[in-house]
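To keep things clear, I will list the structure first and then write my remarks on it.
Below, chain A is the first sequence line, B the second, and so on; all start at residue 1.
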There are 2 protein chains.
Amino acid sequence: MDQSDRPNEREREAALPNKSAVPISLVTIKAACSQCSLHELCISEGLSKEELAKLDSLVGARRKLKRQQNLYRAGDPFEALYAIRSGFFKTDVLLEDGRDQVTGFQMAGEILGMDGIGTEVHSCNAVALEDSEVCVIPFAQLEQLSREIQALQHNFHKVMSRELVRDQSLMMLLGTMRAEERLAAFLLNMSQRFTTRGYSPAEFHLRMTREEIGSYLGLKLETVSRAFSRFQEEGLIAVQQKHIRIIDGAGLKRLLNARPR
Amino acid sequence: MDQSDRPNEREREAALPNKSAVPISLVTIKAACSQCSLHELCISEGLSKEELAKLDSLVGARRKLKRQQNLYRAGDPFEALYAIRSGFFKTDVLLEDGRDQVTGFQMAGEILGMDGIGTEVHSCNAVALEDSEVCVIPFAQLEQLSREIQALQHNFHKVMSRELVRDQSLMMLLGTMRAEERLAAFLLNMSQRFTTRGYSPAEFHLRMTREEIGSYLGLKLETVSRAFSRFQEEGLIAVQQKHIRIIDGAGLKRLLNARPR
DNA sequence: ATATCGTATTGACATGGATCAAAGCGACAG
DNA sequence: CTGTCGCTTTGATCCATGTCAATACGATAT
């Protein structure tokens, strides 16, 4: 695989995507969008120097989370959005009867917490799936600043809208696809998002369990496991626990499109 | 049923929710949020007189759609949001292989088109399920005005966020519920939304086919039909084609919560 | 090394919903 | 009134995925 010039997913931890040379670990504790290597993925995208400076002064401290720690829980009062600086999260919703559903997996550069805007209360749980760090963006101040900075306002609207579109795809997946199609779509989506962040499109480490994947895809963990095994038998991927190598990406894509039923 | 003091869903057509006395048919063709009976449900909620006036001047003409007409299609350039003034819509997404999925049903007071903000292109189709009318809200101008009017900005953000939360519930439904639970959830949701608009919570007319309901709920039309029949046998509802009367709403709710698996 | 614990794999079987097929019903045109 | 068309209902069967259970694997601790 084309691993040579890309950081290995396995040991990357807080390492940077290769599009920047600034190591995160040396950056000050206070968030600084102006210096952030992710800012092309984030709401700071396309802002001028002065605008970035204003955003810097808005964005509060960073917050570190250990694996399995909650960033927020359903029912928590909503105060801020969170930009993921490093790490990996899941969001999930709990039903009274104990059933739950993972509604998304989020990685560096993505925004968490928008579910709380409408009701002032978070509607889902956000949990770190590995040690992670987020920038805290107090929402009232974000609204205020985005009244001053058109580009910021528009970026924010775009992020929310893209989230709506993402949800549409997931509904499509949950409503119309069979187990193997769902998993293929999931793997391709992961691959694509890792690629955007400068990692290998073909080899990555899943941070979530089979059960979490299953919950996200509306399947049982056994079905997920079987589908992985099947893909492996067919030479589409190599699986070793949470380590995935995509051997035949085109084959996975074919699984998605060639299902007339 | 508590029909006496509420308009009958069957014949209401363009009639108003009973919270207002202004008949729509007499209102000028140009949209006027300041006079709109729905404005408590819409982005104009809570604005002052002067702010409403500004919004009026922004909101473009209204647009009438006949049943089955598209408001927009996937791929259309995004220019405006649409506030539903009267009528009933569905949104759906098409896959290359012909499969499609209804992603939502929208009624008066709700906003359509937000899927297009992120990419400047609509990602789904919006189709009128009955003769309908929408207010056209040019988006660039909405952004501009919401930089001036804090309440407008916040309303808009709330609407988008609530849409995200709605999508979460649908994912939950598609990912974890069985056929009858899905349909019960659907009926209760419809009932609740009709209620908000001043109609009977217990009796309403569905504008969509069994197939569209099925597509929305991730089920086949036969399964939807069978579930309706089952509910009727059990005395939960009375169905006659598209006309639904909820007899035992509590029973429907029980179906939702009491399923430990 | 060995024990333990969470996670993953695999097999055997059960079942809910899909599929296929045939009527039934209501609205509308002629 | 009669025929047509789209939609809905209902029945018979099939199959993908869920369920239950056993085993395996890998990391960590002892």
Side-chain angles (χ1 to χ4, degrees), chain A residues 10-11 67-68 90 98-102 127 129-130 173-184 186-187 205-234 237-244 255 259-261, chain B residues 10-11 67-68 90 98-102 127 129-131 173-187 205-234 237-244 255 259-261:
Chain A
R10 212 110 187 228
E11 296 97 33
R67 193 174 120 80
Q68 303 292 32
K90 72 168 176 183
R99 282 181 290 187
D100 71 343
Q101 164 108 3
V102 172
V127 184
L129 292 183
E130 63 182 8
L173 178 147
L174 292 168
T176 75
M177 293 186 184
R178 312 144 124 271
E180 295 195 357
E181 296 179 86
R182 295 184 194 194
L183 195 65
F186 170 76
L187 289 174
H205 184 76
L206 296 174
R207 273 78 176 173
M208 69 296 277
T209 66
R210 300 288 188 263
E211 185 167 19
E212 285 163 336
I213 297 172
S215 171
Y216 180 62
L217 299 178
L219 301 170
K220 290 293 157 182
L221 67 100
E222 294 95 329
T223 307
V224 173
S225 181
R226 277 186 247 271
F228 271 130
S229 302
R230 197 113 198 289
F231 287 174
Q232 180 151 247
E233 280 166 32
E234 289 166 357
I237 63 174
V239 199
Q240 206 180 7
Q241 303 278 116
K242 295 191 157 72
H243 188 77
I244 304 286
L255 264 185
R259 299 230 107 258
R261 186 113 314 199
Chain B
R10 213 106 187 232
E11 295 98 33
R67 194 173 120 81
Q68 302 293 31
K90 72 168 177 185
R99 281 180 292 187
D100 70 343
Q101 165 109 4
V102 172
V127 184
L129 292 183
E130 62 182 9
D131 294 358
L173 178 147
L174 291 168
T176 74
M177 292 187 183
R178 313 143 125 272
E180 296 195 355
E181 296 179 85
R182 294 184 195 195
L183 194 64
F186 170 75
L187 288 174
H205 183 75
L206 296 174
R207 274 79 174 172
M208 68 296 277
T209 65
R210 300 288 188 262
E211 185 168 19
E212 286 163 335
I213 297 173
S215 171
Y216 180 62
L217 299 177
L219 302 169
K220 291 292 156 183
L221 68 99
E222 294 95 329
T223 307
V224 173
S225 179
R226 276 185 248 271
F228 271 130
S229 302
R230 197 114 199 288
F231 286 173
Q232 181 151 248
E233 280 166 31
E234 289 165 358
I237 63 174
V239 199
Q240 206 180 6
Q241 303 280 116
K242 293 191 158 73
H243 187 76
I244 304 286
L255 264 184
R259 301 230 107 258
R261 183 110 316 201

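Where the helix from C/dA1-D/dT30 to C/dG30-D/dC1 starts and where it ends, the local axes point in directions that differ by 30°; five pairs per end, rounded to 10°.
Remark: side-chain polar atoms of A/E181 are paired, donor with acceptor, to backbone N or O of A/R178 under 3.5 angstrom. No donor-acceptor pair under 3.5 Å is formed between the side chain of B/R182 and the backbone N or O of B/L219. With hydrogens and angles disregarded, a donor-acceptor distance shorter than 3.5 Å links the side chain of A/R99 to the backbone of B/T176.
Nearest heavy atom pair, residue B/S215 against residue B/V102, reads OG-N, 2.8 Å.
The stretch residues 208-221 of chain A comes close to DNA chain D through A/G218, A/L219, A/K220, each having a heavy atom under 4.0 Å from the strand. Within residues 224-232 of chain A, the residues approaching DNA chain C are A/S225, A/R226, A/S229, by heavy-atom distance under 4.0 Å.
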Identify each atom pair where a protein N or O and an N or O of nucleotides 21-23 of chain D are less than 3.5 Å apart, giving names and distance.
none

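Computed from coordinates, the B/L255 CG to C/dG16 C1' distance equals 15 Å when rounded to whole Å. Atoms CG (B/L129) and P (D/dC7) sit 12 Å apart, rounded to a whole Å. With rounding to whole Å, A/I237 atom CD1 is found 14 Å from C/dA8 atom P. As rounded to whole Å, 17 Å separates atom C1' of C/dA27 from atom NE2 of B/H243. Rounded to whole angstrom, the span from the NZ atom of A/K242 across to the C1' atom of C/dA8 amounts to 9 Å. When rounded to the nearest whole Å, the span between CD1 of A/I244 and C1' of C/dT9 equals 14 Å. Taking atom CD of A/Q241 as the reference point, atom P of C/dC5 lies 19 Å away to the nearest angstrom. In this entry the distance linking CZ of A/R67 with P of D/dT28 reads 10 Å, nearest Å.
In this structure, B/K220 has no salt bridge (Lys or Arg N to Asp or Glu O under 4.0 Å) partners at least two apart in sequence or on a different chain. In this structure A/E211 satisfies the side chain to side chain contact (heavy atoms under 4.5 Å, CB included) test together with A/T209, A/L221, sequence neighbours excluded.
Atoms NE2 and CD, on B/H243 and B/Q241 in that order, are 12.0 Å from each other to the nearest 0.5 Å. Going from atom CD of A/Q101 over to atom CG of B/L173 covers 9.5 Å, rounded to the nearest 0.5 Å.
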So A/L217 and A/F186, side-chain contact (heavy atoms from CB on, under 4.5 Å) or not? Walk me through it. CA-CA 8 Å; A/L217 299 178; A/F186 170 76; 4.0 Å; yes
Audit row: A/I213, A/L183, side-chain contact (heavy atoms from CB on, under 4.5 Å) steps and yes/no: CA-CA 9 Å; A/I213 297 172; A/L183 195 65; 4.0 Å; yes
Apply the test side-chain contact (heavy atoms from CB on, under 4.5 Å) to residues B/I244 and B/F228: give CA-CA distance (whole Å), side-chain angles for both, the deciding distance (0.1 Å), then the verdict. CA-CA 10 Å; B/I244 304 286; B/F228 271 130; 3.7 Å; yes
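A salt bridge links A/R207 with A/E130: the distance from a Lys NZ or Arg NE/NH1/NH2 to an Asp or Glu carboxylate oxygen falls below 4.0 Å. With respect to A/E233 and A/R226, no salt bridge is recorded, no charged nitrogen being found less than 4.0 Å from a carboxylate O.
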